[in-house]
K.L.:
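Before we start, here is the structure in question, set down as structure tokens.
Everything numeric here is computed off the predicted structure, so don't read it as measured data.
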Amino acid sequence: MNDEQRILLRMATAKDTAMTADVLARARLEVLPCADMTGLVRAFEGGAAAMVVCEEALVDADLPLLTDALAGQPTWSDLPILVLGRHGAASAALRRAVHGLPNHTVLEKPIRVATLVSAVSSMLRARQRQYQVRDLFEDLRGTDQRRSEFLATLAHELRNPLAPIRTSLALLSSGRLDTAAEARLHRITTRQVDHMVRLVDDLLEVSRVSRGKVQIEGLPVRLGSVVGEAVELCRPMIAAAGHKLTIDVEGPGPLVRGDAVRLVQVFSNLLNNAAKYTPPHGQLGIRVRESEGMAVVEVRDNGIGLSPGMLDAIFDIFVQEDDGSKLAQGGLGIGLTLVRSLIELHGGSVTASSEGRGHGALFTVRLPLLSTGSAGHDAAPPHPSASEAQLALNVLLVDDNRDAADSLGMLLEAAGARTTVAYSGAQALELSQGQSIDVAILDIGMPEMDGCQLAQRLRERPDASRLTLIALTGWGQERDRQRLATAGFQHHLLKPVKIEELLRLLQGVPSEIAPRG
């Protein structure tokens, strides 16, 4: 008998109990007769869908036991009670008897069998609704708890890289460092900033995927080259932990249709995950093969493993397995959510398996094979560095964040550009009056005059036909891109901008001035 579906029955006599129980049982309802009020209350505390009691039972001296138990129900619960009265529903005696029963219905005896069964069935349907509300509350409570844990983790993950960045800046400002030490601090700061950017990018990516805003470029891709790029991205983390990585790919690997950049993101996430959850000097492996019309990529480790209950939940947002140690500190618990979402966008699937805690884990990705078409994807041309770039451009840079504007302005100057820096739209118009401008790099979220309004004013200039407008902003949703395109921006870059990407973009902008010699 399912305790949550049973009907508790308390009648005046054994004969009434047997007859009523038989009627309800014939209607395929689960019935539990109770001999006295104490038994009724004990059964209720064990679980019940409804209660049928006679009026005589409500004059029991132990009735307060029942009313107290009903008063202590959880928020979602309001047990339906059917009272079979002998004096009529309007009698004063019955009104006194049902006082203290929160959710009751009264039917006068004698009662027709169909009426009794119908009334009890209605109470069961109402109780099912309560169970649905309970389950929803529990889901929301679990989600809220995971969200709270996630926010705590996010704060921790953002503070971690800020510590070496602050220390490095303090050392650099001391003026007591040689060139080698400055170069080392520069590498440290760069690594930590890149880590923070990846965290933010992952958050935005999960949000975009969940809202269906990510588009997959369906081109022929060889998984061998994709896995190779993913391995190269993860080598620093794998090497730092002293892991041994085994790569099993035959030739160029299977051919699939997909987005090479997204697939590299998938397999680098899986490899990073394996490295993170494996103790130092562990064994990692990635294998690519074909099976039953599918391309199969397996990422294996001999790390902490997964408990049976986590094999599917591990792909849910904000979920991380707590191993009770400091081994896996780092990350937001969204990497695997992103992996599953991106693979499903490719028409594939990803599963996790493990023999239990301490026995490692295996993540298996399956993608549909592509039988025809050419393989591979062209590598992007190398990005220039600030020291290598030679920008022959007049650049107007506008951002109300003075530190951001000044630092980027210095970098563009170092790359050869003639840069005018302004901290507001009004100041930008004033400083650029009478000057030639090739490129305007504009922040969008500025007070008084935002970047779109400034772009419109700049488009009114006599030299506007050759002006390149670049939006540099933290707003990256699709509606933001559409708004910027409408405002006349040719390019949209997200903060913090990848310097190499910006320099490469600027190198493609035509200019009428000669490079600085």
Side-chain angles (χ1 to χ4, degrees), residues 169 172-173 179 182-183 186 189-190 193 197 380-475 484-485 487-517:
L169 290 174
L172 288 169
S173 64
T179 303
E182 289 182 352
H186 178 269
T189 304
T190 300
V193 169
V197 170
H383 294 297
S385 65
S387 60
E388 296 169 342
Q390 289 295 316
L391 301 178
L393 296 170
N394 285 326
V395 178
L396 173 64
L397 175 61
V398 189
D399 195 327
D400 62 330
N401 184 324
R402 289 175 174 261
D403 288 342
D406 290 342
S407 59
L408 185 56
M410 293 170 63
L411 183 136
L412 294 177
E413 286 281 347
R418 296 175 174 89
T419 305
T420 300
V421 177
Y423 310 118
S424 68
Q427 187 184 24
L429 293 175
E430 180 183 353
L431 293 178
S432 63
Q433 188 173 7
Q435 293 188 21
S436 174
I437 304 175
D438 299 307
V439 179
I441 303 175
L442 310 182
D443 179 33
I444 300 303
M446 297 185 293
E448 297 180 4
M449 183 187 301
D450 68 15
C452 290
Q453 294 168 325
L454 176 57
Q456 184 177 358
R457 296 287 298 274
L458 293 175
R459 283 294 184 196
E460 298 171 355
R461 292 169 52 101
D463 59 352
S465 59
R466 65 180 186 83
L467 175 62
T468 297
L469 286 175
I470 300 175
L472 183 56
T473 176
W475 303 102
L484 294 175
F489 286 92
Q490 293 100 321
H491 304 284
H492 179 194
L493 300 179
L494 287 177
K495 293 181 177 181
V497 66
K498 295 179 180 178
I499 301 303
E500 296 83 357
E501 181 181 355
L502 175 60
L503 293 177
R504 182 183 172 194
L505 175 60
L506 292 176
Q507 283 190 323
V509 175
S511 171
E512 297 182 0
I513 65 175
R516 291 184 179 180

K.L.:
Looking only at non-hydrogen atoms, find the nearest pair between Leu484 and Ala471 and report the distance.
P.N.:
CD1-CB, 3.7 Å
K.L.:
A quick test of your reading: do over 12 heavy atoms of other residues, nucleotides or ligands sit less than 6.0 Å from CD of Glu448?
P.N.:
no
K.L.:
Just wondering, do Leu442 and Leu469 contact through their side chains at under 4.5 Å, heavy atoms?
P.N.:
yes
K.L.:
Roughly how far, to the nearest 0.5 Å, is the CG atom of Leu502 from the CG atom of Leu506?
P.N.:
4.5 Å
K.L.:
Which heavy atom in Pro447 sits nearest to a heavy atom in Asp400, and how many Å separate them?
P.N.:
CD-OD2, 3.4 Å
K.L.:
Testing the basics here: between Val421 and Ala405, what is the closest heavy-atom pair and its distance to 0.1 Å?
P.N.:
CG1-CB, 3.7 Å
K.L.:
Distance-only, no hydrogens or angles: does the Gln507 side chain make a donor-acceptor pair with backbone N or O of Leu391 under 3.5 Å?
P.N.:
no
K.L.:
Please tell me if the side chains of Asn394 and Gln435 come closer than 4.5 Å, counting only heavy atoms from C-beta onward.
P.N.:
no
K.L.:
To the nearest 0.5 Å, what is the distance between CD (Gln427) and OG1 (Thr420)?
P.N.:
10.5 Å
K.L.:
With side chain to side chain contact (heavy atoms under 4.5 Å, CB included) as the test, would you mind laying out the steps for Ile441 and Leu412 before giving the verdict?
P.N.:
CA-CA 11 Å; Ile441 303 175; Leu412 294 177; 4.0 Å; yes
K.L.:
Can you tell me how far CD of Glu413 sits from CG of Leu408, rounded to the nearest 0.5 angstrom?
P.N.:
11.0 Å
K.L.:
Do the side chains of Ser424 and Val398 get nearer than 4.5 Å, heavy atoms only?
P.N.:
no
K.L.:
Are any non-hydrogen side-chain atoms of Ser465 and Arg459 less than 4.5 angstrom apart?
P.N.:
no
K.L.:
In plain terms, say whether Asp399 and Lys495 are close enough for a salt bridge, that is, a side-chain N and a carboxylate O under 4.0 Å apart.
P.N.:
yes
K.L.:
Any non-hydrogen side-chain atom of Ile444 less than 4.5 Å from a side-chain atom of Leu472?
P.N.:
no
K.L.:
Treating Thr189 as the side-chain partner and His186 as the backbone partner, does any N or O pair qualify as donor plus acceptor under 3.5 Å?
P.N.:
no
K.L.:
Tell me, do Leu467 and Leu458 make a side-chain contact under 4.5 Å, heavy atoms counted?
P.N.:
yes
K.L.:
Under 3.5 Å, is there a donor-acceptor pair between the Tyr423 and Asp443 side chains?
P.N.:
no
K.L.:
Hey, does the side chain of Gln453 reach the backbone of Asp450 with a donor-acceptor pair shorter than 3.5 angstrom?
P.N.:
yes
K.L.:
Please examine the side chains of Val439 and Leu396, heavy atoms only from C-beta on, and report whether any two atoms are closer than 4.5 Å.
P.N.:
no
K.L.:
Decide whether Ser436 and Arg466 meet the rule of one side-chain donor and one side-chain acceptor closer than 3.5 Å.
P.N.:
yes
K.L.:
Tell me whether Arg461 at atom CZ has more than 12 heavy atoms from other residues, nucleotides or ligands lying less than 6.0 Å away.
P.N.:
yes
K.L.:
Identify the two heavy atoms, one from Leu431 and one from Ala422, that lie closest to each other, and give their separation to 0.1 Å.
P.N.:
CD1-CB, 4.1 Å
K.L.:
So, do Met449 and Leu429 sit near enough that their side-chain heavy atoms are less than 4.5 Å apart?
P.N.:
yes
K.L.:
What distance do Leu505 atom CG and Glu500 atom CD have between them, rounded to the nearest 0.5 Å?
P.N.:
13.0 Å
